[in-house]
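Keep in mind that this is a model prediction, so the values were computed, not measured.
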Amino acid sequence: AQSYSDGLTNTNAIIAQTGAAATTAYAAGVARLFAAGGFSDWYLPALWELRMIYNSAAIVNKVLGANGINGAFYWSSTEAAATNSTTILMTDGTQFNSAKSNNSAVRAVRIHTI
């Protein structure tokens, strides 16, 4: 899970590392198991993708309403170290290297092509 821009590859690597099917015990598993809109191709965004969500928060919140982005820390799928992953605080966009044992929010994303 080293990519700063490819959350899908990171999510697949995180799940493969567990040696089992995705579960809700970790952020990448939560994202993979998300099934909104009848889609099953959701993943945990990489750091760059999560930054794009932060930069587009006003639009995201207008579209998603009550399910939009709140002021929480959100996980990215980009690993910072063996025991840390990167998170973004959605109130001000500050990036942190957070312990993987921390409790942060998950924003599942999917690739949409026209």
Side-chain angles (χ1 to χ4, degrees):
Q2 301 292 317
S3 177
Y4 286 95
S5 60
D6 189 351
L8 180 58
T9 297
N10 285 349
T11 299
N12 290 338
I14 293 166
I15 293 168
Q17 184 180 21
T18 70
T23 72
T24 58
Y26 54 97
V30 170
R32 175 53 45 108
L33 293 173
F34 191 64
F39 298 102
S40 61
D41 56 348
W42 298 90
Y43 63 90
L44 188 64
L47 183 58
W48 178 80
E49 293 167 313
L50 190 58
R51 175 70 55 202
M52 297 280 289
I53 292 169
Y54 170 76
N55 291 340
S56 305
I59 296 167
V60 172
N61 286 342
K62 185 170 184 155
V63 171
L64 296 178
N67 294 319
I69 299 165
N70 61 37
F73 287 92
Y74 281 82
W75 286 115
S76 82
S77 62
T78 304
E79 188 176 59
T83 58
N84 294 69
S85 188
T86 53
T87 58
I88 293 179
L89 178 58
M90 289 295 176
T91 55
D92 64 8
T94 304
Q95 178 180 318
F96 293 90
N97 291 338
S98 300
K100 292 178 181 178
S101 60
N102 285 356
N103 189 14
S104 294
V106 172
R107 172 60 61 185
V109 298
R110 59 185 295 273
I111 297 171
H112 176 71
T113 55
I114 297 175

Ile15 versus Ala21, closest heavy-atom pair with distance: CG2-C, 4.5 Å
Below 4.5 Å, heavy atoms only, C-beta onward: do Gln17 and Tyr26 meet side chain to side chain? no
Heavy atoms of Thr87 and Ser98 approach each other most closely as OG1-OG, 2.8 Å
Euclidean distance, Thr94 OG1 relative to Phe73 CZ, rounded to 0.5 Å: 8.0 Å
Residue pair Ile14 / Ser77: nearest heavy atoms and the distance that separates them: CD1-O, 3.9 Å
Heavy atoms of Tyr43 and Ile111 approach each other most closely as OH-CG1, 3.6 Å
Contacts of Tyr74 that satisfy side-chain contact (heavy atoms from CB on, under 4.5 Å) - sequence neighbours left out: Leu50, Ile69, Asn70, Ala72, Met90, Ala105, Arg107
Does atom CZ (Phe96) have a neighbourhood of more than 12 heavy atoms from anything else shown, all under 6.0 Å? yes
Atom CD1 of Ile88 and atom OG of Ser104: how far apart are they, to the nearest 0.5 Å? 11.5 Å
Mark yes when over 12 heavy atoms from residues, nucleotides or ligands other than Asn103 sit less than 6.0 Å from its CG; otherwise mark no. no
Would Trp75 end up clustered with Tyr4 when hydrophobic side chains under 4.5 Å apart are linked, directly or stepwise? no
If you define the side chain from C-beta out and look only at heavy atoms, does anything of Ser3 sit under 4.5 Å from Thr9? no
So CG of Asn97 and OG1 of Thr78: to nearest 0.5 Å the spacing works out to 10.5 Å
Check: Lys100 main-chain N/O paired with Ser85 side-chain donor or acceptor under 3.5 Å: no
Per the salt bridge (Lys or Arg N to Asp or Glu O under 4.0 Å) rule, what does the pair list look like for residues 29-45, sequence neighbours excluded? Asp41-Arg110
Give me the atom names and distance for the closest heavy-atom approach of Ala46 to Ser76. C-CB, 3.9 Å
Checking the side chain of Tyr54 only, and the main-chain atoms of Asp92 only, is there a donor and an acceptor separated by less than 3.5 Å? yes
Among the clusters formed by ILVMFWY side chains lying less than 4.5 Å apart, do Val60 and Leu47 turn up in the same one? yes
To the closest 0.5 Å, what do you measure between CH2 (Trp42) and CG (Leu33)? 13.5 Å
Closest non-hydrogen atom pair between Ala27 and Leu44, with its separation: CB-CD2, 3.8 Å
Decide if atom CG of Leu64 counts as having more than 12 heavy atoms of other residues, nucleotides or ligands within a radius under 6.0 Å. yes
